[in-house]
Amino acid sequence: MLNLVLFGPPGSGKGTQAARLVQKYNLEHVSTGNLLRAEKSAGTPLGLEAKKFMDAGELVPDSVVIGMINNKLAEKASSVNGFIFDGFPRTIPQAEALDALLAERDMSITQMLALEVSEEELIRRLLDRGKTSGRADDTNKKTICNRISVYTRETAVVASYYKEQGKACHLSGEGSIESITQALMSEIDQLA
Ligand code: AMP
């Protein structure tokens, strides 16, 4: 099994790259942002609860996202080659919960791949995406800046968690989409 954490700030290209990697390696793409947006548009109680955090660019409580990941693993773990986690884990308790949930199934994280992009470039990309994504959190510059500071304050530390386990790899997330995909693939191919 190949279980990857695609890591990086909002706008670093995790979703774009994950979509390419799942095809090549036949993995299941698990994006907590996508799962939460689906709950939100279906108007479920979970979606309604998450909405206020998402619209403000704050993190949804750990228990909510960990519960969603648990459901996803229960549904898919026996039938896939592995997972790409995108936008999860975003806190140390989430990273610890992920390890525990995987261990229950005799699985573990193979590698964390972190995409590094300058703050100016992140803001530019997110504002640009906001023109077409229909995401409230991509259109307001204040919310975008808050998402980046939440990342710096609460999420960046998760990279050290994987570094301590000898599972961290940092790559530039700037350049053409294809060149970044190639760099990710060359790292992944060395893991096999
Ligand atoms: P994303 O699509 O990954 O940028 O996520 C959009 C929003 O969903 C974030 O700004 C958070 O409000 C929420 N979210 C997504 N993933 C998580 C997570 N792992 N932990 C907490 N909140 C999350």
Side-chain angles (χ1 to χ4, degrees), residues 3-22 27-73 76 83-102 109 112-117 119 121-162 173 180:
N3 295 311
L4 303 170
V5 171
L6 201 50
F7 192 75
S12 57
K14 301 184 297 293
T16 304
Q17 295 299 335
R20 297 174 142 232
L21 297 176
V22 290
L27 302 171
E28 179 75 13
H29 180 195
V30 181
S31 153
T32 41
N34 288 349
L35 293 172
L36 288 165
R37 279 185 287 279
E39 297 277 348
K40 212 173 107 173
S41 34
T44 65
L46 190 156
L48 294 176
E49 167 68 8
K51 182 182 181 333
K52 54 180 188 265
F53 297 98
M54 297 170 78
D55 290 352
E58 295 291 332
L59 294 185
V60 172
D62 286 340
S63 57
V64 173
V65 281
I66 291 167
M68 286 191 328
I69 293 289
N70 190 15
N71 292 342
K72 203 63 177 172
L73 291 177
K76 298 278 182 184
F83 292 90
I84 295 192
F85 297 98
D86 157 8
F88 180 89
R90 263 172 152 101
T91 63
I92 298 286
Q94 290 182 19
E96 289 171 345
L98 178 60
D99 278 352
L101 289 172
L102 290 172
I109 290 298
M112 179 210 72
L113 299 157
L115 295 173
E116 303 200 326
V117 175
E119 192 166 323
E121 174 69 5
L122 294 174
I123 294 171
R124 196 192 61 71
R125 286 185 190 180
L126 290 167
L127 283 170
D128 199 45
R129 188 170 78 184
K131 291 178 194 155
T132 52
S133 69
R135 285 178 54 172
D137 62 348
D138 282 348
T139 39
N140 180 320
K141 190 162 178 196
K142 214 172 134 205
T143 311
I144 289 176
C145 291
N146 191 43
R147 287 162 66 201
I148 295 171
S149 53
V150 165
Y151 171 83
T152 309
R153 201 172 59 235
E154 303 182 44
T155 302
V157 65
V158 173
S160 323
Y161 177 87
Y162 290 107
I180 298 162

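No experiment lies behind these values; they were computed from the predicted model shown. Each residue takes its place number in the sequence, starting with 1. One-based numbering, in listed order, for ligands and for the atoms of each.
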Select all protein residues for which some heavy-atom-to-ligand 1 distance is less than 4.0 Å, and list them by chain and number.
Thr32, Gly33, Leu36, Arg37, Met54, Glu58, Leu59, Val60, Val65, Gly87, Phe88, Arg90, Gln94, Arg135, Asp137, Arg147

Test: ring-ring contact (aromatic ring centres under 6.0 Å, His included). Region: residues 124-156. Which pairs qualify, not counting sequence neighbours?
Phe7-Tyr151

Parallel, tilted or perpendicular: which describes the rings of Phe88 and Phe85, with under 30° parallel and over 60° perpendicular?
tilted

If you measure from the Lys or Arg side-chain nitrogens to the Asp or Glu carboxylate oxygens, is any gap between Arg147 and Asp138 under 4.0 Å?
yes

Would you mind listing every salt bridge (Lys or Arg N to Asp or Glu O under 4.0 Å) that reaches into residues 32-44, with sequence neighbours excluded?
Lys40-Asp55

My understanding is that only residues two or more places apart in sequence, or in another chain, count here; which of them pass salt bridge (charged side-chain N to carboxylate O under 4.0 Å, His left out) with Arg124?
Glu121

Is there a donor-acceptor pair under 3.5 Å between the side chain of Thr139 and the backbone N or O of Gly130?
no

